[in-house]
Amino acid sequence: MDIDNLIVTLASIHEFGIKATEIMSKEELSQAVVNSACNIIHSDLSSLMLINEQDELYIIAAKGLSKKLREETKIKVGEGVAGKVVTSGEYIFVENIETDTRFLKFPNVEKYISKSFIAVPLKVKNKVIGVLNINSSKNKRYFDDRDLKLLTILADQAAMRLENIDMFNNLQSFYLEMTEALVGAIDAKDSYTHGHSTRARKYAGEIASKISLPQTIRENIEYGAVMHDIGKIGVPDSILLKKDKLTPEEIKIIRQHPTIGYNIISPVRFLSAVAPMVLYHHEWFNGGGYPEGLAKEEIPLGARIIAVIDAYDAMTSDRPYRKALPVKVAVEQLQLGSGKQFDPKIVDIFTNILKEEKILN
């Protein structure tokens, strides 16, 4: 490899490192690693394997392998080339796997399409979390020390980023569990709204599915539905649980809960897409809502979905001042508010869901 090519290759690795920090999916990151490895070594056959709960290596991303091979390949730690890389923590270079005496005893030899390849461990604090495999190209049968060093740099970057994604996901799960517990505590204060957030999440997910929204957006809308009333933690119980009609001043206070909720959620990075849903779920489609008087598509889609679900659940729940309305009456009220308070498309979708579930006859 000459100096110019080396500089280009190192620049490619650096570029991968920058892009990797923006990737939050292990699958997407793993595919980016495989693609970068192929570009660096000028190969068209590579795979990245991680370890599952059964102590098996499975292929999470690949290039040049059939879908069947990717799905069916499972290698026990300690077996095969990749399995041995995990136990040793060292790279393995194989010039010809069919004649290499180190691997003749392993049953998975026939699964390797190319006879010559290199397997590099992905290590975090001396713990191997996966293996990067890359096969030599047809016009380059042998790897050299530079190939190994470049792949090792790439594997080290990949390992650190994969570990960070796991840590982030664990932190995210912890925060969501804590938030759901907090929302549950708010629900529990008022027997009339108990279970409201759970029902809101269910219907929000169903509406998002009907619109065919991507999984990530759907999850954010579900989180928004769970958290939309979290700001009520800042509203005095004397107002929240009041059985008599609220005074104008009390109405002003309770209308602060979307802003309070937004202030709670917005500092959390991974909930940045959820915070506006919490802030704007009391906006009206015609611009007559609060806190900012947004209208139509100015209101985030998630907030428009939550607005319909929130109103429906309020109408079909017992309140201190009235009994729950029948589903048919509640839906009629949603339809009367369609185009005024509510997004007409969301009202229609939600009405059809209730019919499909035989909740509405």
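Just so you know, these numbers use all the heavy atoms, side chains as well, and skip hydrogens, waters and symmetry mates.
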S.K.: Give a yes or no on whether the backbone of Gly78 and the side-chain of Thr87 come within a donor-acceptor separation of less than 3.5 Å.
M.R.: no
S.K.: Quick one: are Leu213 and Leu301 in side-chain contact, heavy atoms under 4.5 Å?
M.R.: yes
S.K.: Testing Thr73, Ile59, Val34 for side-chain contact (heavy atoms from CB on, under 4.5 Å) with Leu65, which one passes?
M.R.: Ile59
S.K.: Could you give the distance from NZ (Lys202) to CG (Asp313), rounded to the nearest 0.5 Å?
M.R.: 11.0 Å
S.K.: Between the side chains of Glu206 and Lys210, is the shortest nitrogen-to-carboxylate-oxygen separation below 4.0 Å, so that they form an ion pair?
M.R.: no
S.K.: Heavy-atom count check: over 12 atoms from other residues, nucleotides or ligands less than 6.0 Å from Tyr91 OH?
M.R.: no
S.K.: Could you state whether Phe342 and Ile353 fall into the same hydrophobic cluster, counting links through intermediate Ile, Leu, Val, Met, Phe, Trp or Tyr residues with side-chain heavy atoms under 4.5 angstrom apart?
M.R.: yes
S.K.: Please check: side-chain N/O of Lys123 versus main-chain N/O of Gly89, any donor-acceptor pairing under 3.5 Å?
M.R.: yes
S.K.: Is any side-chain heavy atom of Val85 closer than 4.5 Å to a side-chain heavy atom of Glu90?
M.R.: no
S.K.: Yes or no on side-chain contact (heavy atoms from CB on, under 4.5 Å) for Leu162 and Ile129, after CA distance, side-chain angles and deciding distance?
M.R.: CA-CA 9 Å; Leu162 286 166; Ile129 64 170; 4.2 Å; yes
S.K.: Give a yes or no on whether Val308 and Ile221 share a hydrophobic cluster (residues Ile, Leu, Val, Met, Phe, Trp, Tyr; joining criterion: side-chain heavy atoms under 4.5 Å apart).
M.R.: yes
S.K.: Under a 4.5 Å cut-off applied to non-hydrogen side-chain atoms, are Phe350 and Ile305 in contact?
M.R.: no
S.K.: Got a salt bridge between Glu163 and Lys127, using NZ or NE/NH1/NH2 to carboxylate O under 4.0 Å?
M.R.: no
S.K.: Please give me the minimum heavy-atom distance between Leu132 and Leu151, naming the atom from each residue.
M.R.: CD2-CD2, 4.3 Å
S.K.: Whether the Asn133 and Ser47 side chains hold a donor-acceptor pair (N or O, under 3.5 Å, no angle test) is what I'd like checked.
M.R.: yes
S.K.: Looking at every non-hydrogen atom in both residues, tell me the closest pair between Ile299 and Glu283 and how far apart they are.
M.R.: CD1-CB, 3.7 Å
S.K.: Check step by step if side-chain contact (heavy atoms from CB on, under 4.5 Å) holds for Ile265 and Met227.
M.R.: CA-CA 9 Å; Ile265 291 175; Met227 301 176 192; 3.7 Å; yes
S.K.: Considering only heavy atoms from C-beta outward, does the side chain of Leu271 approach that of Val278 to under 4.5 Å?
M.R.: no
S.K.: Between Glu27 and Ser25, do the side chains contain a donor N or O and an acceptor N or O under 3.5 Å apart?
M.R.: yes
S.K.: Indicate yes or no: at least one non-hydrogen side-chain atom of Glu79 is less than 4.5 angstrom from one of Lys84.
M.R.: no
S.K.: Cluster question for you: counting only ILVMFWY and a side-chain heavy-atom cut-off of under 4.5 Å, with indirect links fine, are Leu122 and Ile118 together?
M.R.: yes
S.K.: Does Asn135 offer a backbone N or O that forms a donor-acceptor pair with the side chain of Ser43 under 3.5 Å?
M.R.: yes
S.K.: Nearest 0.5 Å, please: how far is CG in Leu57 from CD1 in Ile51?
M.R.: 5.0 Å
S.K.: Could you give me the CA-CA distance, side-chain angles and deciding distance for Phe285 and Lys296, then say whether side-chain contact (heavy atoms from CB on, under 4.5 Å) is met?
M.R.: CA-CA 5 Å; Phe285 197 70; Lys296 297 183 179 179; 3.9 Å; yes
S.K.: What's the spacing between Cys38 SG and Ile134 CD1 if we round to 0.5 Å?
M.R.: 4.5 Å
S.K.: So with a 6.0 Å cut-off around OH of Tyr203, is the heavy-atom count from everything else above 12?
M.R.: yes
S.K.: Anything under 30° is parallel, anything over 60° is perpendicular, the rest tilted; go ahead and classify His282 against Tyr290.
M.R.: parallel
S.K.: Roughly how far apart are Asp156 CG and Ile153 CD1, rounded to 0.5 Å?
M.R.: 8.0 Å
S.K.: Specify the closest pair of heavy atoms between Gly83 and Ile75, including all atoms of both residues, with the distance to one decimal.
M.R.: N-CG2, 4.3 Å
S.K.: For Pro121 versus Ala155, what's the shortest heavy-atom pair and its separation?
M.R.: O-CB, 3.7 Å
S.K.: Determine yes or no for a side-chain-to-main-chain donor-acceptor pair under 3.5 angstrom, with Gln333 supplying the side chain and Ala330 the backbone.
M.R.: no
S.K.: Look at the side-chain heavy atoms of Ile, Leu, Val, Met, Phe, Trp and Tyr, link any pair under 4.5 Å apart, and say whether Val347 and Val331 land in one connected group.
M.R.: yes
S.K.: Provide the closest heavy-atom pair for Ala119 versus Val81 in the form atom of the first, atom of the second, distance.
M.R.: CB-CG1, 4.1 Å
S.K.: For the residue pair Asn352 and Glu356, confirm or rule out a side-chain donor-acceptor distance under 3.5 Å.
M.R.: no
S.K.: Closer than 4.0 angstrom, basic N to acidic O: yes or no for Lys345 and Asp348?
M.R.: no
S.K.: Going by heavy atoms in the side chains, are Leu279 and Pro291 under 4.5 Å from each other?
M.R.: yes
S.K.: Looking at Asn35, is its backbone amide N or carbonyl O close enough to the side chain of Asn39 to form a donor-acceptor pair, meaning the two atoms are under 3.5 Å apart?
M.R.: yes
S.K.: Please determine if Arg201 and Glu222 form a salt bridge, counting it only when a charged side-chain N lies under 4.0 Å from a carboxylate O.
M.R.: yes
S.K.: For the backbone of Glu71 and the side chain of Lys74, can you confirm whether one donor and one acceptor N or O come within less than 3.5 Å of each other?
M.R.: yes
S.K.: Leu354 versus Tyr312: any side-chain heavy-atom pair under 4.5 Å?
M.R.: yes
S.K.: How close do Ala311 and Leu334 get, heavy atom to heavy atom, and via which atoms?
M.R.: CB-CD2, 4.1 Å
S.K.: Determine, using the 4.5 Å side-chain heavy-atom cutoff (strictly less than), whether Ile260 and Met277 are members of one ILVMFWY cluster.
M.R.: no
S.K.: Is the backbone of Ala62 close enough, under 3.5 Å, to the side chain of Gln31 for a donor and an acceptor to pair up by distance?
M.R.: yes
S.K.: Let me confirm one number: the NZ-CD distance from Lys76 to Glu56, rounded to the nearest 0.5 Å.
M.R.: 4.5 Å
S.K.: Walk me through whether Asp229 and Lys232 qualify under side-chain contact (heavy atoms from CB on, under 4.5 Å).
M.R.: CA-CA 6 Å; Asp229 276 340; Lys232 286 183 177 178; 3.5 Å; yes
S.K.: Can any side-chain N or O of Asn263 pair as donor or acceptor with the backbone N or O of Ser266 at less than 3.5 Å?
M.R.: no
S.K.: Working to the nearest 0.5 angstrom, can you tell me the gap between Leu246 CG and Lys252 NZ?
M.R.: 15.0 Å
S.K.: Looking at side-chain heavy atoms only, is the closest gap between Ser317 and Arg199 below 4.5 Å?
M.R.: yes
